[in-house]
Amino acid sequence: MTTNELSRRTFLLRAGTGISAAWVSAHWPALLSAATHARQSAKAATPPKFEFFTPEQAAEIDAITARIIPTDDTAGAREAGVVYFIDRGLVTFYADDQKTYREGLPELQARVTEMFPTVSKFAAATPEQQDEVLHSFDENAKSPRRPFRARPGAQDFFETLRQHTIAGFLIDPDYGGNNSGAGWKVIGREREHMFQSPFGYYDKDYVGWQRATKDTNKS
Amino acid sequence: MRSDLPKYKTSDEVDFVIIGSGAAGGILAKELSTNGFRVVVLEQGPYLTESDFSHNEIEILAQDKLTNHPKLQPNTFRKTPDEKAKPQRALVYGRCVGGTSVHFTANFWRFHEIDFVERSKIGAIAGTTFTDWPITYADLEPYYTRVEWEIGVSGLAGASPFDPPRSKPYPMPPLPVKSSGVIFERAASKLGWHPFPAPMAILSQPRPGRSACINCGFCLAFGCEVGAKSSSLATAIRMAEKTGRCEIRPNSYVHRIETDANGRAVGAVYFDEQRNTHLQKAKAVVVCANGAETPRLLLLSANKQFPNGLANSSGFVGKNLMLNSGAISTGVFEHPLNDYKGFAVSRLFHDFYQLDAQKVGFYGGGGIDARFDMTPIGFAMGGLPPDTPRWGKDFKAALSHNFTRTMEIFCHGTSLPLENNSFSLDPDLKDAWGLPALRLTYKDHPDDLKLVNWLNVRAQELLDAAGAEKKWSYPAQEQQFAVHLLGTCRMGNDPKTSVINPDHRTHDVKNLFLCDGSSLVTSGRGQPTMTIEALAFRAADRITALAKRGELSA
């Protein structure tokens with residue numbers, strides 16, 4: 001049984017015994033079907049071979065994602081299997097971005113040789129050289145502050161790849177990325193599907209709401 | 001879909017066709033079918049249910065599974081009417097059965113008495129169409145109570161000294177407090193303000209067929225997998241279907257309201273999923289398509305008899321748009337808040353609901369809440385301090401440190417109605433069905449920006465009082481993207497300056513009714529859905545009374 005299955009099942013069981021058993025029993029078949037679907041998606045996320053990239057391209061993409069979210073004492077994009085997530089994305093939900101990758105990757109590889117004539121490809125450069133190359137693509141790129149409210153289109157290859165790397169690192173592991181929840185471990189997000197109060201440090205000793213004592217002061 | 005539900009033929013003249021199944025449409029469907037009428041609801045989006053919802057951020061943020069689609073439904077934007085509008089995503093709204101109530105945050109504040117009569121209290125504001133409502137808070141109070149009890153709102157009555165009078169307490173206690181709420185409550189109290197438990201359209205206790213909130217943390221932008229969020233989908237739509245008289249017809253994109261030689265509406269023309277055209281006949285038409293699509297539909301329905309669009313003799317269809325002003329301050333704290341657990345908001349205050357314009361130098365007022373409404377990918381894209389690198393070692397370190405320690409202070413405020421601010425038909429751009437795209441024209445009134453920037457200074461004072469280890473904010477800028485879609489077919493007694501009367505009946509077409517965000521006369525202080533739903537309950541009573549008096553028959 002995978003961790004995915006366990007977290008989903010724990011959710012179901014706890015929901016069943018804790019909060020509203022009637023609801024869960026009424027919806028059990030639908031929930032099981034959703035869990036199965038998620039599991040299949042997760043399996044499909046790590047195919048034995050790549051669907052969009054050639055193995056050589058995949059090695060380059062993997063090396064770039066490993067600079068965007070590097071491995072240090074905790075997992076990075078590489079351990080989270082981000083390259084597989086992007087590869088699968090490019091034949092499904094990211095299909096609109098195929099052209100950006102087709103045109104962007106050779107351009108980036110050309111930049112490597114231009115900046116470091118003795119280096120044949122990105123993956124063969126040192127981490128410092130790799131960062132220099134990426135910085136040369138990163139000028140003027142801006143991060144949207146409220147992505148839900150105003151999402152800009154992916155402007156260029158590096159920005160697209162940056163966003164896809166983040167997505168592959170932090171997506172709910174049920175949906176074909178963030179292998180074994182590696183990304184969520186890094187940010188401290190628990191895998192559970194449901195939580196109970198207290199949630200954090202500041203609410204654990206909360207005594208309950210009390211009316212403010214000062215006089216109402218309308219401005 | 002259940003097999004015992006009615007299927008009406010398009011040629012069968014039903015009592016009401018309702019266009020849109022969101023906050024207002026769902027409630028009108030429930031009420032009118034409960035009152036014995038035969039109802040068809042035409043919804044442009046799909047009929048999804050709890051088992052279709054997920055925590056998949058790609059589906060939601062990149063594929064717009066629950067919302068209007070920028071490729072199929074492109075928009076244009078311009079600041080003022082003398083500019084040529086440019087293609088740009090300009091709005092988001094729910095496009096599925098349940099509408100925007102499926103994916104909203106579920107803050108459920110009532111409007112206060114002042115929101116209905118503020119123009120009389122403070123006088124005219126030059127250059128605006130600021131005016132009083134034709135109804136008062138007292139008229140709407142019983143319907144606010146019905147929303148709370150029938151749809152399910154959690155909260156604590158009397159907790160805010162600024163609250164308007166109410167006839168009943170909330171049907172269930174507030175949701176648990178989050179760490180952001182505790183930090184906010186302590187700091188606000190220290191500063192002499194009056195924080196209180198947030199009223200939320202999320203169940204703190206189970207109801208038949210619905211779970212209490214399981215605190216999964218995927219509220220804003222997501223559909224609730226356990227029916228705890230009181231969307232129209234989880235509540236009113238199901239009750240409407242239970243009457244056996246209401247058909248919900250998804251994937252039905254209405255693009256014209258047909259009228260006869262006498263200027264009466266005869267039904268709604270729509271594309272089905274295969275883009276075949278149908279006319280659903282009805283004795284009366286109720287449009288609840290939201291503050292952008294409702295005026296668009298009226299404008300698309302122009303004909304020889306109504307050359308400027310249906311029900312548009314005032315010229316006000318699509319105009320006086322109010323988006324609500326907003327600003328955010330973000331803080332990072334020493335210890336983990338784990339605010340990703342739970343729901344968005346657990347505490348807020350209304351001390352600045354009504355600022356004294358003489359003292360502060362601008363019109364307006366608002367509410368301030370404590371929240372965390374970002375899911376992991378969204379947080380990594382937009383939740384880190386502005387000086388954080390966008391990738392690499394330090395980016396990762398910031399993600400790792402901040403995700404569990406971040407909270408936001410959200411300032412919500414008024415928008416003044418301006419005639420130039422509007423939704424209209426773009427003269428060039430077309431949607432995937434070949435129909436004119438929505439064009440947003442918007443430039444905030446200067447007071448709206450002054451207001452939220454003033455509120456945002458209070459938010460930063462609060463973060464300081466709370467001992468945040470880091471805080472940041474951005475000055476509020478002129479808006480170019482619409483979420484709250486208010487005022488575009490406003491209610492009023494005078495047909496020259498309003499589109500619908502207090503019964504939600506259009507002044508021009510006697511069997512055509514409009515009810516949604518477009519009906520609002522003023523913007524409130526940032527949380528309109530509760531008022532839209534109260535209006536829908538009230539509209540259903542008024543429409544039922546008219547129908548029973550025979551006033552809707554030809």
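Reckoned from all heavy atoms, side chains included, excluding hydrogens, waters and symmetry mates. Just so it is clear: chains get the letters A, B, ... in the order the sequence lines come, proteins before strands, and each one is counted from 1.
- Of the possible polar contacts, none joining the A/R67 side chain to the B/G392 backbone as a donor-acceptor pair under 3.5 Å is found.
- Side-chain contact between B/C216 and A/F195 is absent, with no heavy atoms from C-beta onward closer than 4.5 Å.
- When heavy atoms are compared at a cutoff of 4.5 Å, B/E334 approaches chain A by way of both its backbone and its side chain.
- With respect to A/D203 and B/K178, no salt bridge is recorded, no charged nitrogen being found less than 4.0 Å from a carboxylate O.
- The line from CD of B/E57 to CD1 of A/I166 is 11.0 Å long, rounded to the nearest 0.5 Å.
- Panel note: side chain A/R211, backbone B/G158; a donor-acceptor pair is recorded below 3.5 Å.
- Of all the heavy atoms in B/P376 and A/I187, the pair that sits closest is CB-CD1, 4.1 Å.
- Using a 4.5 Å cut-off between heavy atoms, B/L91 makes no contact with chain A at all.
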Candidate pair B/E185 and A/Y206, rule side chain to side chain donor-acceptor pair (under 3.5 Å), full reasoning: CA-CA 11 Å; B/E185 183 176 312; A/Y206 182 74; 2.8 Å; yes
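- Here the closest non-hydrogen pair linking A/Q196 and B/N215 is CA-ND2, 4.2 Å.
- Residue B/Y353 does not touch chain A at all, counting heavy-atom pairs closer than 4.5 Å.
- Between B/H55 and A/D174 there is no side-chain heavy-atom pair separated by less than 4.5 Å.
- For the pair A/Y201 and B/L337, the minimum side-chain heavy-atom distance is 4.5 Å or more.
- Nearest heavy atom pair, residue A/Y202 against residue B/H335, reads OH-N, 3.1 Å.
- Put simply, the side chain of B/I58 reaches to within 4.5 Å of the side chain of A/I171, judged on heavy atoms.
- Contact check for A/V186 versus B/L399: no side-chain heavy atoms found under the 4.5 Å cut-off.
- For the ring-ring contact (aromatic ring centres under 6.0 Å, His included) test with B/W391, the passing option among A/F158, A/F169, A/F137 is A/F158; the others fail.
- Of all the listed residues (A/P198, A/A66, A/A75), the one sharing the greatest number of non-hydrogen pairs under 4.5 Å with chain B is A/A75.
- The main-chain N or O of A/E190 is found under 3.5 Å from a side-chain atom of B/Y340 such that the two form a donor-acceptor pair.
- Looking at heavy atoms from C-beta onward, A/F199 lies out of side-chain contact with B/V182 at the 4.5 angstrom threshold.
- Residues A/T74 and B/S400 have side chains not in contact (no heavy-atom distance under 4.5 Å, counting atoms from C-beta outward).
- With a 4.5 Å cut-off on side-chain heavy atoms, B/K341 and A/E192 do not count as touching.
- For B/S54, the parts lying under 4.5 angstrom from a heavy atom of chain A are both the backbone and the side chain.
- Between chain A and the options B/Q205, B/K71, B/Q88, heavy-atom pairs under 4.5 Å are most frequent for B/K71.
- Between the A/W209 side chain and the B/P195 main chain, a donor and an acceptor come within less than 3.5 Å of each other.
- With a 4.5 angstrom heavy-atom cutoff, A/N178 does not touch chain B via any of its atoms.
- Counting only distance, with no hydrogens or angles, the side chain of B/K396 and the backbone of A/T71 share no donor-acceptor pair below 3.5 Å.
- In this structure, B/N338 contributes its side chain and A/G200 its backbone to no donor-acceptor pair below 3.5 Å.
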